[in-house]
Trainee: 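Sharing a structure here in structure tokens format.
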Amino acid sequence: MLSVGLVGLPNAGKSSLFNLLTKRSVPAQNFPFTTIDPHDGVVEVPDSRLQALSDIVSAEKIVPAAIEFKDIAGLIKNAHQGEGLGNQFLSHIQETDMILMVLRCFENKDIIHVEDRVNPQEDFEILMIELTMSDEKKLENILPRLQKEAKKDPHGQAKVSLCEKILEVLNKIEPASSFTMDDTWDEEVVHFRKQLNLLTDKPILRLGNITQGGENVEFNADFKLDILQEAELAEMEKEDRVELGFSEEAGLDGMIRSCFKTLNLATYLTAGVKEVRAWTFVKGMKAPQCAGRIHTDFEKKFIKAEVVSFDDFVANNGWKGCFDKGAVKTMGKEYEFQDGDVTEFKIGG
């Protein structure tokens, strides 16, 4: 299961966001091979399509897609040099697949800021310095070995060149991801880059923690959220939220879905009496790989997939109506699954 690391300076609202997210935790047993500790939480991805399918097939239960969130302890200046247990914190970020930076935009004299001011842009720059410096240190440490091995490794010089080019980017306090590789790079070197697992090669989203009706500092965040207000609204029924003038959908829902999409994930759906379920796959996956999400044997023994779009499934009131109207397509091994495909796999013996 892919994971999102919550990263920020102390008192940015990161742990409050994590506590809010874990109230939406789903049973870990629904997601095999997932170990959860107090700083990890498996959180469901909001998806109204599941209830619609359940209403049609009268399912006994609904199992949503999920992603894991990890609460990383607050970073401070010089974390890359070990300040404030920085090396430990940075290693925790290493274990995640993307970074969600929580940046404080609200003024509140009762909540101390580690830098004794409220400036989300400067906070963002501090975090980027720490992450890029950590990546820089890592590359500088492995470059001498790569240069020695370059004579024996047919791809050695290309690996050295890649590291040098990424270092040029990092020296400007820009993320490693800003250096893009075109199709002239050998596949092995592309794989080598993934193995480096650089912190700033991970997708990064910026969340501005604001306060409604209070004083906020302007910041160009990917999205903004009043975490304290979201926590209060989470305790209310949807009808009560709407009556008070709030949206039926919580702002947190959009944030979770944004993380899911940023991880390049999508879901296909299965709909039966026992359960309606959203299965996570990486965009671009073909039918056998998607079948393997249910069970590894399904990928090996895949024969075909019967697929119908969610809209057609609802419009025709389930599988029978879809077959009657010719809305079901039979797909083979080369079919790339699309988000919202409702499917049944045919597996060999």
Side-chain angles (χ1 to χ4, degrees), residues 3-24 39 41 43 45-46 67-77 79 89 92-93 96-132 173-175 177-178 199-200 202-234 241 244-263:
S3 61
V4 180
L6 302 180
V7 174
L9 299 184
N11 294 334
K14 178 177 50 60
S15 293
S16 296
L17 175 60
F18 180 76
N19 291 336
L20 177 59
L21 285 163
T22 52
K23 288 182 180 179
R24 303 212 182 172
H39 302 293
V43 178
V45 179
I67 50 176
E68 187 177 0
F69 284 85
K70 293 178 178 286
D71 186 18
I72 312 292
L75 291 179
I76 60 173
K77 279 183 179 178
F89 300 159
H92 291 162
I93 300 172
T96 67
D97 298 289
M98 72 165 279
I99 295 170
L100 179 62
M101 288 187 176
V102 182
L103 299 153
R104 175 177 169 179
C105 297
F106 65 88
E107 298 276 5
N108 188 327
K109 294 179 181 178
D110 295 328
I111 301 177
I112 298 170
H113 191 290
V114 69
E115 294 294 321
D116 199 28
R117 51 100 185 106
V118 176
N119 189 321
Q121 180 60 39
E122 288 186 12
D123 291 350
F124 171 68
E125 290 168 3
I126 288 173
L127 293 173
M128 287 305 301
I129 287 170
E130 297 309 317
L131 297 179
T132 54
I173 319 298
E174 294 178 3
S177 59
S178 61
L199 301 179
T200 61
K202 303 175 188 291
I204 298 174
L205 288 181
R206 299 173 298 174
L207 183 151
N209 184 13
I210 63 171
T211 179
Q212 298 290 345
E215 189 175 349
N216 295 293
V217 176
E218 283 298 316
F219 178 66
N220 184 27
D222 293 297
F223 40 82
K224 296 180 181 180
L225 199 67
D226 184 335
I227 295 172
L228 180 60
Q229 184 183 80
E230 286 290 316
E232 294 171 351
L233 293 175
R241 291 203 300 265
L244 290 172
F246 294 100
S247 170
E248 182 176 330
E249 179 179 88
L252 190 68
D253 292 348
M255 188 214 78
I256 295 170
R257 280 196 293 267
S258 291
C259 291
F260 193 75
K261 290 178 181 178
T262 300
L263 286 166

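These numbers were taken from a predicted model, which means no experiment stands behind them. Worth knowing before you read on, the calculation uses all heavy atoms, side chains too, and leaves out hydrogens, waters and symmetry mates.
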Trainee: Please name the pair of heavy atoms, one in Arg104 and one in Asn108, separated by the smallest distance, quoted to 0.1 Å.
Mentor: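 So the minimum-distance heavy-atom pair works out to NH2-O, 3.1 Å.
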Trainee: State, yes or no, whether a side-chain contact exists between Leu233 and Leu252 at a heavy-atom distance under 4.5 Å.
Mentor: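 The answer is no; the side chains never approach within 4.5 Å.
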Trainee: Atom CD in Gln212, atom CZ in Phe246: separation rounded to 0.5 Å?
Mentor: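 Rounded to the nearest 0.5 Å, the CD-CZ separation comes out at 7.5 Å.
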Trainee: What's the spacing between Leu103 CG and Leu127 CG if we round to 0.5 Å?
Mentor: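 It comes to 6.0 Å.
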Trainee: Working note: Met98 + Leu205, criterion side-chain contact (heavy atoms from CB on, under 4.5 Å); need CA distance, chi angles, decisive distance, verdict.
Mentor: CA-CA 8 Å; Met98 72 165 279; Leu205 288 181; 3.8 Å; yes
Trainee: Only counting residues at least two apart or in another chain, list the ones meeting side-chain contact (heavy atoms from CB on, under 4.5 Å) with Glu174.
Mentor: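 Glu174 satisfies side-chain contact (heavy atoms from CB on, under 4.5 Å) with Val169, Lys172, Ser178 once adjacent residues are dropped.
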Trainee: What residues, two or more places apart in sequence or in another chain, satisfy side-chain contact (heavy atoms from CB on, under 4.5 Å) together with Val217?
Mentor: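 Listed in chain order: Glu107, Val118, Pro120.
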Trainee: Can you confirm whether more than 12 heavy atoms, excluding those of Ile112, are under 6.0 Å from its CD1 atom?
Mentor: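 Count not over threshold, so no.
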Trainee: Evaluate Val43 against Val4 for side-chain contact (heavy atoms from CB on, under 4.5 Å), listing each step before the verdict.
Mentor: CA-CA 11 Å; Val43 178; Val4 180; over 6 Å; no
Trainee: So do the side chains of Ile204 and Met101 get within less than 4.5 Å of each other, counting heavy atoms only?
Mentor: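 Side chain of Ile204 against side chain of Met101, heavy atoms only: contact under 4.5 Å found.
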Trainee: Please give me the minimum heavy-atom distance between Lys202 and Ile93, naming the atom from each residue.
Mentor: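 Residues Lys202 and Ile93, closest heavy atoms: CE-O, 3.5 Å.
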Trainee: Taking side chain as C-beta onward, heavy atoms only, is Leu225 less than 4.5 Å from Leu17?
Mentor: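 Sidechains of Leu17 and Leu225: in contact.
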Trainee: According to side-chain contact (heavy atoms from CB on, under 4.5 Å), who are the partners of Thr200, at least two apart in sequence or on a separate chain?
Mentor: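 Partners of Thr200 by the side-chain contact (heavy atoms from CB on, under 4.5 Å) criterion, ordered by chain and then number, come out as Met128, Leu131, Thr132, Asp135, Leu170, Pro175, Ala176.
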Trainee: Who pairs with Glu215 by side chain to side chain donor-acceptor pair (under 3.5 Å), at least two apart in sequence or on another chain?
Mentor: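 Per chain and number, Glu215 pairs via side chain to side chain donor-acceptor pair (under 3.5 Å) with no residue.
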Trainee: Strictly distance-based, threshold 3.5 Å: is any side-chain N or O of Lys70 a donor or acceptor partner for the main-chain N or O of Ser3?
Mentor: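 Not at all, since once roles are kept as given, no pair shorter than 3.5 Å links the two residues.
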Trainee: Does the side-chain contact (heavy atoms from CB on, under 4.5 Å) test come out yes or no for Leu6 and Leu207, once each step is laid out?
Mentor: CA-CA 10 Å; Leu6 302 180; Leu207 183 151; over 6 Å; no
Trainee: Checking Asn216 now: which residues fulfil side-chain contact (heavy atoms from CB on, under 4.5 Å) with it, not counting sequence neighbours?
Mentor: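 Asn216 satisfies side-chain contact (heavy atoms from CB on, under 4.5 Å) with Phe106, Ile210, Thr211 once adjacent residues are dropped.
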Trainee: Please name the pair of heavy atoms, one in Phe124 and one in Phe219, separated by the smallest distance, quoted to 0.1 Å.
Mentor: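 Scanning both residues, the minimum pair turns out to be CB-CZ, 4.2 Å.
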Trainee: With sequence neighbours excluded, what pairs up with Glu122 under the salt bridge (charged side-chain N to carboxylate O under 4.0 Å, His left out) test?
Mentor: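 In terms of salt bridge (charged side-chain N to carboxylate O under 4.0 Å, His left out), with neighbours along the sequence ignored, Glu122 is linked to Arg117.
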Trainee: Rounded at 0.5 Å granularity, tell me how far CG in Leu20 sits from CZ in Phe69.
Mentor: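 It comes to 10.5 Å.
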Trainee: Using the salt bridge (charged side-chain N to carboxylate O under 4.0 Å, His left out) criterion, which residues pair with Asp253? Sequence neighbours excluded.
Mentor: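 Expected list: Arg24.
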Trainee: So, for Pro203 and Thr262, which heavy atoms are closest and what is the spacing to 0.1 Å?
Mentor: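 Minimum heavy-atom contact is CB-CG2, 3.5 Å.
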Trainee: Would you name the heavy atoms of Cys259 and Ile67 that are closest together and state the gap between them?
Mentor: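 In this case the closest contact between Cys259 and Ile67 is CB-CD1, 4.0 Å.
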Trainee: In the structure I gave you, are the side-chain heavy atoms of Met255 and Ile227 within less than 4.5 Å of one another anywhere?
Mentor: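 Side chain of Met255 against side chain of Ile227, heavy atoms only: no contact under 4.5 Å found.
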Trainee: Mind checking what makes salt bridge (charged side-chain N to carboxylate O under 4.0 Å, His left out) contact with Arg206, not counting sequence neighbours?
Mentor: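 With sequence neighbours excluded, Arg206 shows a salt bridge (charged side-chain N to carboxylate O under 4.0 Å, His left out) to Asp222, given in chain and number order.
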Trainee: Heavy-atom distance under 4.5 Å between the side chains of Pro46 and Ile256, does that happen here?
Mentor: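 Touching, per the 4.5 Å side-chain cut-off.
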Trainee: Considering only heavy atoms from C-beta outward, does the side chain of Arg257 approach that of Val45 to under 4.5 Å?
Mentor: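 Arg257 vs Val45: side chains touch.
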Trainee: Sorted by first residue and then second, give each side chain to side chain donor-acceptor pair (under 3.5 Å) pair with at least one member in residues 5-15; sequence neighbours left out.
Mentor: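 Passing the test, one end in residues 5-15: Lys14-Asp71, Ser15-Asp71.
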